[in-house]
Amino acid sequence: DQQVKQNSPSLSVQEGRISILNCDYTNSMFDYFLWYKKYPAEGPTFLISISSIKDKNEDGRFTVFLNKSAKHLSLHIVPSQPGDSAVYFCAASGLGTSYGKLTFGQGTILTVHP
Amino acid sequence: NAGVTQTPKFRVLKTGQSMTLLCAQDMNHEYMYWYRQDPGMGLRLIHYSVGEGTTAKGEVPDGYNVSRLKKQNFLLGLESAAPSQTSVYFCASITESVGTYNEQFFGPGTRLTVL
């Protein structure tokens, strides 16, 4: 049973437009949701996170929205840049004994065309 | 700061051989993790450690052992490698929580092929 799902394997957008990456989860006990970015032959790097008690978190061009009733979160990148082309992973975790133990989605390959 | 480093970067094993993957972090983090990533899948947790001398099983621990003899190092061992263990292995570390979630740092990965 996959607790975190990214149903879109890939997304292609034009430079300057908005990129929207989606993620669904099933476990209502998650306390935090995170987005990681991964380039080929490198480890994932942290992008942005959101607590389960919030519905939006913004950091520069990146905004994460959380809809708890729908168990859905999304990452918005505005404006998209060619350097944003990478694999994006949605992940979830908790506090307490679950702290640090990330459950990942399958990833979405984002391609931003100049 | 080197952050999280992994040794080796690549390795090819024959079925039944053993090896140890080394993870080192210089951020004085308490918690360390080993994940594996397979094609079309996200990272899955193998084992983790919440402090020097402690280890615990994650989601996919079978066929692996770990040790955390020093705070800065976390070793992942394969006693008898199988083709199903062909994967990219990532180590990660994070500092303790004080009520919020902190950034988790990942190493560059070890690509392991078992023939």
Side-chain angles (χ1 to χ4, degrees), chain A residues 1-10 21 23-27 29-54 57 59 64 66 86-109, chain B residues 2-7 9-10 21 23-25 27 29-51 54-61 74 87-111:
Chain A
D1 175 33
Q2 191 153 9
Q3 297 185 65
V4 178
K5 289 185 181 179
Q6 295 174 256
N7 293 316
S8 299
S10 62
L21 296 99
C23 179
D24 297 299
Y25 64 95
T26 58
N27 187 346
M29 300 300 291
F30 288 133
D31 295 301
Y32 274 87
F33 301 90
L34 308 95
W35 286 93
Y36 280 82
K37 178 179 179 179
K38 185 183 179 306
Y39 292 117
E42 294 184 11
T45 55
F46 171 76
L47 198 56
I48 191 169
S49 66
I50 187 167
S51 163
S52 62
I53 62 173
K54 295 185 183 276
N57 188 27
D59 184 1
V64 56
L66 175 62
V87 180
Y88 288 78
F89 288 100
C90 169
S93 188
L95 296 174
T97 56
S98 298
Y99 177 71
K101 292 157 60 177
L102 294 169
T103 300
F104 282 86
Q106 307 96 306
T108 297
I109 301 169
Chain B
V4 180
T5 58
Q6 293 183 231
T7 309
K9 288 186 169 49
F10 304 93
L21 283 67
C23 174
Q25 53 94 3
M27 297 171 283
H29 287 170
E30 283 294 328
Y31 297 71
M32 297 186 73
Y33 306 84
W34 277 107
Y35 293 88
R36 61 178 286 174
Q37 186 195 6
D38 301 301
M41 301 183 72
L43 283 71
R44 292 181 293 167
L45 182 63
I46 305 171
H47 284 282
Y48 64 99
S49 168
V50 298
T54 75
T55 62
K57 294 180 180 179
E59 181 188 355
V60 288
F74 195 27
S87 189
V88 182
Y89 292 85
F90 291 100
C91 177
S93 72
I94 192 171
T95 191
E96 285 181 278
S97 170
V98 287
T100 61
Y101 203 93
N102 301 302
E103 181 178 347
Q104 195 161 29
F105 293 85
F106 283 80
T110 295
R111 184 173 293 275

Exercise for review: Using heavy atoms and a sub-4.5 Å threshold, report which of residues 44-53 of chain A line up against chain B, by residue number.
Suggested key: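 If one takes a 4.5 Å heavy-atom cut-off, the residues of residues 44-53 of chain A near chain B are A/P44, A/F46.
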Tell me whether the rings of B/Y33 and B/Y31 are parallel (<30°), tilted (30 to 60°) or perpendicular (>60°).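 The arrangement is parallel - the two ring planes meet at less than 30°.
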Exercise. Can you say whether A/L34 sits under 4.5 Å from chain B via the side chain, the backbone, both, or neither, judging by heavy atoms?
Worked result: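 For A/L34, side-chain heavy atoms alone lie under 4.5 Å from chain B.
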Are the side chains of [Y] and [X] in contact, using a 4.5 Å heavy-atom criterion?
X      : Y     : answer
A/K101 : B/Y48 : yes
B/D38  : B/R44 : yes
A/Y36  : B/L43 : no
A/C90  : A/Y25 : no

[atom2] on [Y] to [atom1] on [X], rounded to 0.5 Å:
X      : Y      : atom1 : atom2 : answer
B/Q6   : B/F106 : CD    : CZ    : 10.0 Å
B/I46  : B/K57  : CD1   : NZ    : 13.5 Å
B/T110 : B/L21  : OG1   : CG    : 4.5 Å

query: Side chains of B/N102 and A/Y32: donor-acceptor distance under 3.5 Å anywhere?
result: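 Judged by distance alone, the side chains do not pair up.
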Between B/Q104, B/R111, B/E59, which residue shows the highest count of heavy-atom pairs closer than 4.5 Å to chain A?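 Heavy-atom pairs under 4.5 Å are most numerous for B/Q104.
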Which one of B/G109, B/G42, B/A56 has the most heavy-atom pairs closer than 4.5 Å to chain A?
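Counting heavy-atom pairs under 4.5 Å, the top option is B/G42.
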Margin query: Going by the rule side chain to side chain contact (heavy atoms under 4.5 Å, CB included), which residues pair with A/A41 if we only count those two or more places apart in sequence or in a different chain?
Written below: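 Partners of A/A41 by the side chain to side chain contact (heavy atoms under 4.5 Å, CB included) criterion come out as none, since no residue qualifies.
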Q. Which bit of B/F105 comes within less than 4.5 Å of chain A, counting heavy atoms only: side chain, backbone, both or neither?
A.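 Contact with chain A involves no heavy atom of B/F105 at all.
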Any residue meeting side-chain hydrogen bond (donor to acceptor under 3.5 Å, both in side chains) with A/D31, in chain and number order, not counting sequence neighbours: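 By the side-chain hydrogen bond (donor to acceptor under 3.5 Å, both in side chains) rule, A/D31 matches no residue at all.
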Contacts with chain A made by residues 88-95 of chain B (heavy-atom distance under 4.5 Å), listed by residue number =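 Residues of residues 88-95 of chain B touching chain A at under 4.5 Å: B/F90, B/I94, B/T95.
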